[in-house]
Every structure is written in C-alpha cells, then in structure tokens.
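Shown next, in structure tokens, is the structure this report addresses.
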2 protein chains.
Amino acid sequence: MKNTNELTSALKQAGLRLTPQRLAICRFLAESKDHPTAAMIYEHLRPQYPSLSAMTVYNTLNTLVELGKVNVLGDCGDDHAHYDADTSPHINLACISCHRIVDIAIPQVEELDREVNRASGYQLLGARMMYYGLCPACQPSKVL
Amino acid sequence: MKNTNELTSALKQAGLRLTPQRLAICRFLAESKDHPTAAMIYEHLRPQYPSLSAMTVYNTLNTLVELGKVNVLGDCGDDHAHYDADTSPHINLACISCHRIVDIAIPQVEELDREVNRASGYQLLGARMMYYGLCPACQPSKVL
DNA sequence: TTCTTTATTTATAATCAATATAAATTTATA
DNA sequence: TATAAATTTATATTGATTATAAATAAAGAA
C-alpha cells in the first residue's frame with residue numbers, strides 16, 4: 001500500500017513517459033490491498049483498456065521493480081509472481097487455500113531488521129517475509 | 001542443514017522405497033550449506049549416477065516438500081526454486097551478486113514468530129524470511 | 001500544422017523450468 | 001523364477017515470462 005504518485009513520479013524521474021497504461025497499472029498496484037499477479041492486473045484493466053497487452057504489464061512491473069518502488073513476491077505458494085508496492089520490511093500472510101496475501105503489522109519486525117543489519121555483514125537492500133497458513137475465512141472449510 | 005537420516009526415514013515412513021537416487025538427493029540436501037536448486041542437485045549427482053533423470057530429482061524434492069521435511073524458496077532473486085532442509089523459521093541471506101543463499105541465526109526470529117502466531121488469526125504452517133544484499137565476499141567487486 | 005525522430009505499445013514467436021505421460025527398469029513378494 | 005508393484009527414465013507438453021519486430025503514439029523542430 002502506497003501513494004500512486006510515488007510510483008508515477010518515479011517513472012517520470014527515470015525519464016519515462018506516464019502513459020495511460022502505466023498510470024492505470026500504478027494506480028491499481030497502489031490501491032490494492034492484496035498483492036496482485038501480472039495476470040490479475042492484466043485481467044482487471046482489460047475492460048477499461050481493451051487494447052492492453054500483457055507485455056506492457058510485465059514491462060511496467062519490471063521497471064517499477066528495477067526502480068526499487070515495488071517488490072516481487074515469488075514465494076506465495078501458487079507459482080505466480082505477486083507484486084507488492086510496500087517495500088518496507090513487513091510480514092506477509094499467504095493463505096494456502098484461497099491464495100490471498102495480506103500484510104500484518106508486527107512491531108518486532110523492526111527490531112529483527114536492526115539485528116540482521118548489525119549481525120549479517122551483508123550490505124542489505126531489502127527483505128521478504130512470508131508466513132503460510134489458513135486465513136480465518138478458510139479455516140472452517142478446511143481441516144489440517 | 002539437518003540430518004540425512006531425518007529425510008530418508010521420512011520417505012520410508014511414508015511407505016516409499018529408499019532408492020540410491022533418493023538417498024543421494026537426501027544426502028546432498030542435508031549436507032549442503034547453501035540452498036541448491038533442482039538443476040544444481042541434478043548436475044552434482046550426474047557424475048556418480050550417469051543415468052539419473054531430472055524428473056527423479058523433481059519428484060523426490062516434491063515428495064520431501066509434501067512431507068514437510070524440506071522448504072521451497074521461490075524468492076531468491078534468480079528465478080529458480082531453491083530447496084532448504086531447515087524448516088524451522090530462520091533468516092536466509094541471498095547475495096544479489098553471486099546468488100548464494102546462507103542462513104543466519106538471529107534470536108529475535110523466535111520472538112517475532114510468537115507474535116505472528118498470536119496476532120495473525122491464521123492457522124500457521126511455516127515461514128520463509130529472505131534478506132537481499134551483497135555478501136562480504138562480493139562487496140569489494142560491486143558498488144551499489 | 002506537418003515532418004521527423006524517438007519512445008511505447010502491441011502482436012507474435014521463443015524460452016525454459018517444471019509437469020505429465022508412458023515405456024523401461026528395478027524391487028518386493030509369492 | 002515368475003508376477004506384480006513401485007520407481008526411474010525418456011519424451012512430450014505446459015505455461016508464465018521474455019525476446020523480437022512491426023504498429024502506434026508522443027515530442028520537438030521547422
């Protein structure tokens with residue numbers, strides 16, 4: 001979750017044009033609470049942009065990732081890359097039944113983050129933290 | 001990192017035969033400190049098992065994952081699934097230059113883990129935590 | 001505006017890790 | 001040893017993503 005403007009201005013600052021397609025992709029990414037795949041973005045925008053090509057979605061997402069404004073989550077349990085406009089270290093919860101991915105705010109993440117930075121010896125750039133399980137909505141219908 | 005026997009006995013307990021191929025895959029997984037891909041395992045074992053097929057590697061890995069004895073890391077920055085025999089919640093460090101993935105022991109993980117279990121409302125099954133950056137060996141050769 | 005150049009989108013084909021399938025091989029048991 | 005079941009192997013297929021090139025749209029100059 002993040003301001004649409006933060007994504008669009010990053011594109012402009014990189015010398016890229018803010019086309020209607022790119023704007024729509026940025027807006028959808030910024031406003032979505034779950035973490036959509038490229039296919040989900042494509043299908044969602046197609047009614048409004050009938051000529052939209054999947055390649056444009058992939059290109060725009062890759063650009064935003066290269067600019068560091070969007071993270072790829074490649075580990076969501078459904079073999080699809082999901083995109084997350086929140087690039088700060090945080091916990092993602094992935095439901096193994098409905099494959100929805102949501103964030104959860106846990107203050108302890110910051111303490112952990114400081115400790116990894118201190119103890120690793122790595123020059124760190126970012127993190128992805130995923131927990132897997134059954135979301136409250138899916139628990140009644142599925143028994144482990 | 002984990003005992004080879006823990007993997008092989010899990011296969012036997014599931015009613016599966018411990019073939020030479022499966023044993024070799026389990027041993028390599030248990031003994032490797034980084035987190036190999038299916039292709040890495042295949043290439044490493046081929047000299048010893050010239051008839052080995054990639055399919056057997058994939059099948060064995062999938063079985064071990066289904067048995068909960070091995071985790072898949074799908075988010076390592078090189079578009080390949082890596083396999084981790086350590087299924088307890090822990091931090092993985094991925095180098096964006098050499099693409100090696102190592103573990104780091106951070107006590108704060110357990111506190112975080114407790115808090116996610118308490119606060120999420122999810123019935124949790126596991127976690128994957130990845131940090132990205134330049135490892136100490138790659139830092140001199142690459143400038144950010 | 002019109003022309004010219006450049007960036008972008010689109011359509012199509014290609015890639016490649018992973019899966020599906022079926023034949024060949026090995027193992028277990030009678 | 002013979003039979004049946006499990007496993008491995010070889011081959012073909014899938015499907016998300018990438019590569020390529022043609023079509024389109026936008027920017028700048030005259």
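Computed from a prediction, not measured in an experiment: that's the story for all the values here. Residue numbers begin at 1 in each chain, while the letters A, B, ... track the order of the sequences.
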Any protein N or O atoms within reach of nucleotides 9-16 of chain D? Criterion: under 3.5 Å, listing atom names and distances.
residue: D:dT9; atom: OP1; partner: B:Q21; partner atom: NE2; Å: 3.4
residue: D:dT9; atom: OP1; partner: B:S51; partner atom: O; Å: 2.8
residue: D:dT9; atom: OP1; partner: B:S51; partner atom: OG; Å: 2.8
residue: D:dT9; atom: OP1; partner: B:L52; partner atom: N; Å: 3.3
residue: D:dT9; atom: OP2; partner: B:S53; partner atom: N; Å: 3.0
residue: D:dT9; atom: OP2; partner: B:T56; partner atom: OG1; Å: 2.9
residue: D:dT9; atom: O5'; partner: B:S51; partner atom: O; Å: 2.9

Please write out the pairs of protein N or O atoms and N or O atoms of nucleotides 24-26 of chain C separated by less than 3.5 Å, giving the distance to one decimal.
none

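Side-chain contact, B:H82 with B:N92: no donor N or O sits under 3.5 Å from an acceptor N or O. Judged by distance alone, the side chains of A:H99 and A:D78 never bring a donor and an acceptor atom under 3.5 Å apart.
Taking a pair to require two hydrogen-bonding distances under 3.5 Å in either a Watson-Crick or a G-U wobble arrangement, D:dA16 pairs with C:dT15.
Rounding to whole angstrom units, CZ of residue A:R22 and P of D:dA26 are separated by 12 Å. One interatomic measurement links the two molecules: CG of A:L23 to C1' of D:dA26, which rounds to 16 Å at whole-angstrom precision. Atom P of nucleotide C:dC16 and atom CD of B:E43 are separated by 15 Å, given to the nearest angstrom. Rounded to an integer number of Å, the gap from CG of A:L18 to C1' of D:dA26 is 13 Å.
Salt bridge annotation for A:R114-A:E111: absent, with no cationic side-chain nitrogen under 4.0 angstrom from a carboxylate oxygen.
A distance of 12.5 Å separates OH in B:Y42 from CE in B:M55, rounded to the nearest 0.5 Å. Here the CG atom belonging to A:L61 is positioned 9.0 Å from the SG atom belonging to A:C26, to the nearest 0.5 angstrom. Rounding to the nearest 0.5 Å places CG of B:N71 at 11.0 Å from OH of B:Y83.
The shortest distance between side-chain heavy atoms of B:H35 and B:D103 falls below 4.5 Å. In this structure, B:T8 and B:L18 have side chains that are in contact, with non-hydrogen atoms separated by less than 4.5 Å. Within the 4.5 Å cutoff, side-chain heavy atoms of A:R22 are placed close to those of A:L16.
Taking a 4.0 Å limit (strictly below) on heavy-atom distances, residues 4-13 of chain B does not reach DNA chain D anywhere.
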Could you go through the side chain to side chain contact (heavy atoms under 4.5 Å, CB included) check for B:D113 and A:Y131 one step at a time?
CA-CA 9 Å; B:D113 200 53; A:Y131 269 83; 2.5 Å; yes
Is there a side chain to side chain contact (heavy atoms under 4.5 Å, CB included) between B:Y132 and A:R128? Walk through the geometry before answering.
CA-CA 8 Å; B:Y132 304 89; A:R128 316 276 185 279; 3.3 Å; yes
